[in-house]
Amino acid sequence: MKKLALLLAIGSLAACGSEPTTTITTSDGQKAEISQTGQNEATVKTEDGTTATFSTGAAAAKSLPLGVSAYPGATVTANISGSRPDGKGGAMVTMTTSDVPDKVTAFYKAVAAKRGMTSKVQESIMGSMASFSAENETGEKLVATATPGGEGKTQIMLVIETK
């Protein structure tokens, strides 16, 4: 319920655009500050120092964790990223491209290798869906899944975890 209240507040803030910052109190008495931090972007900061950013459109393509970039030529549709006071965090990014799923995962497999990550889960191609998972010795993770969608587009979901 607390998460739903935060998402509704973020949606309201982004939709109206007239109030750049608002503070809410959750059902357990904790305060959270919600700020419109850019066009199509909002950030939530909690009292314990946890931060989450929700963005869509062009704002979603910037600042991906670990220096990972959006897939070349893809349209980034959403980015939900966050961090805790101890520096741990990550992101979930969704994109679309006209490239086939195995080309997308091959790109991110190369990105993972450049970051010193090794595959922890066997690459899987089921039908026309492709995905893989990689991790480095410090526990940073990268998971890429590409699935054919409508109108000849491939849906990409990228999950990045930092330590």
Side-chain angles (χ1 to χ4, degrees), residues 1-99 104-105 107-108 111-112 114-117 131-147 149-151 153-163:
M1 187 59 128
K2 180 169 64 169
K3 291 178 185 177
L4 179 59
L6 283 174
L7 289 174
L8 290 173
I10 291 166
S12 298
L13 180 66
C16 72
S18 62
E19 293 294 326
T21 302
T22 190
T23 301
I24 65 165
T25 303
T26 62
S27 59
D28 61 358
Q30 298 295 310
K31 293 196 183 305
E33 181 179 275
I34 304 170
S35 303
Q36 183 176 351
T37 51
Q39 183 70 20
N40 299 323
E41 184 175 76
T43 299
V44 177
K45 293 181 183 177
T46 62
E47 290 179 313
D48 71 357
T50 300
T51 301
T53 301
F54 304 83
S55 54
T56 61
K62 66 179 185 172
S63 303
L64 301 184
L66 305 179
V68 174
S69 62
Y71 184 76
T75 301
V76 179
T77 52
N79 177 352
I80 301 171
S81 60
S83 63
R84 298 186 324 208
D86 64 5
K88 294 179 182 179
M92 183 181 77
V93 183
T94 58
M95 301 173 256
T96 59
T97 183
S98 57
D99 287 347
V104 172
T105 55
F107 172 82
Y108 282 110
V111 168
K114 286 180 187 176
R115 295 209 44 85
M117 296 178 166
S131 70
F132 88 99
S133 173
E135 183 176 343
N136 66 18
E137 65 282 348
T138 65
E140 295 173 329
K141 296 177 186 175
L142 176 64
V143 179
T145 303
T147 309
E151 300 175 14
K153 297 288 184 180
T154 294
Q155 305 297 317
I156 304 167
M157 184 173 71
L158 192 62
V159 177
I160 306 164
E161 183 180 327
T162 62
K163 293 281 182 181

Side-chain contact test, heavy atoms from C-beta onward, threshold under 4.5 Å: evaluate it for Thr50 versus Pro85 and give yes or no. yes

For residues 68-83, pull every pair meeting salt bridge (charged side-chain N to carboxylate O under 4.0 Å, His left out), keeping only residues two or more places apart or in separate chains. none

Might you point out which heavy atoms bring Ala32 and Val44 nearest each other, and give the distance in Å? CB-CG1, 4.1 Å

Glu137 to Gly116 - nearest heavy-atom pair and separation: OE1-O, 4.1 Å

Heavy-atom distance under 4.5 Å between the side chains of Leu142 and Arg115, does that happen here? no

The criterion is side chain to side chain contact (heavy atoms under 4.5 Å, CB included); which residues satisfy it with Thr138, sequence neighbours excluded? Asn136, Glu140

Expected list for residues 67-74: side-chain donor-acceptor pairs under 3.5 angstrom, two or more places apart:
{"from": "Tyr71", "atom 1": "OH", "to": "Asp99", "atom 2": "OD2", "distance (Å)": "2.6"}

For the student: nearest non-hydrogen atoms of Phe54 and Ile80, plus distance: CE2-CG2, 3.7 Å

Tell me, with the steps shown, if Phe107 and Val104 meet side chain to side chain contact (heavy atoms under 4.5 Å, CB included). CA-CA 5 Å; Phe107 172 82; Val104 172; 5.8 Å; no

Going from OG1 on Thr105 to CD1 on Ile156, what distance comes out if it is rounded to the nearest 0.5 angstrom? 9.5 Å

Would you please name every residue forming a side-chain hydrogen bond (donor to acceptor under 3.5 Å, both in side chains) with Glu161, sequence neighbours left out? Lys163

Taking C-beta and beyond as the side chain, do Thr43 and Thr51 meet within less than 4.5 Å on heavy atoms? yes

Interatomic distance, NZ@Lys31 vs OG1@Thr46, rounded to 0.5 Å, equals 13.0 Å

Kindly list each side-chain donor-acceptor pair under 3.5 angstrom involving residues 86-96, sequence neighbours excluded, with atom names and distances?
{"from": "Asp86", "atom 1": "OD1", "to": "Arg84", "atom 2": "NE", "distance (Å)": "3.4"}
{"from": "Asp86", "atom 1": "OD1", "to": "Lys88", "atom 2": "N", "distance (Å)": "3.0"}
{"from": "Asp86", "atom 1": "OD2", "to": "Arg84", "atom 2": "NH2", "distance (Å)": "2.9"}
{"from": "Thr94", "atom 1": "OG1", "to": "Thr77", "atom 2": "OG1", "distance (Å)": "2.7"}
{"from": "Thr94", "atom 1": "OG1", "to": "Ala78", "atom 2": "N", "distance (Å)": "3.3"}

When rounded to the nearest 0.5 angstrom, what distance separates CD in Glu151 from OG in Ser98? 12.5 Å

Nearest-0.5 Å distance, CG of residue Asn79 to CG of residue Asn40: 12.5 Å

Among Ile24, Thr23, Thr21, find the residue that satisfies the side-chain contact (heavy atoms from CB on, under 4.5 Å) test when tested with Ile34. Ile24

Sequence neighbours excluded, the answer for side-chain hydrogen bond (donor to acceptor under 3.5 Å, both in side chains) partners of Thr75 is none

What pairs with Thr145 under side chain to side chain contact (heavy atoms under 4.5 Å, CB included), at least two apart in sequence or on another chain? Met129, Ser131, Val143, Thr147

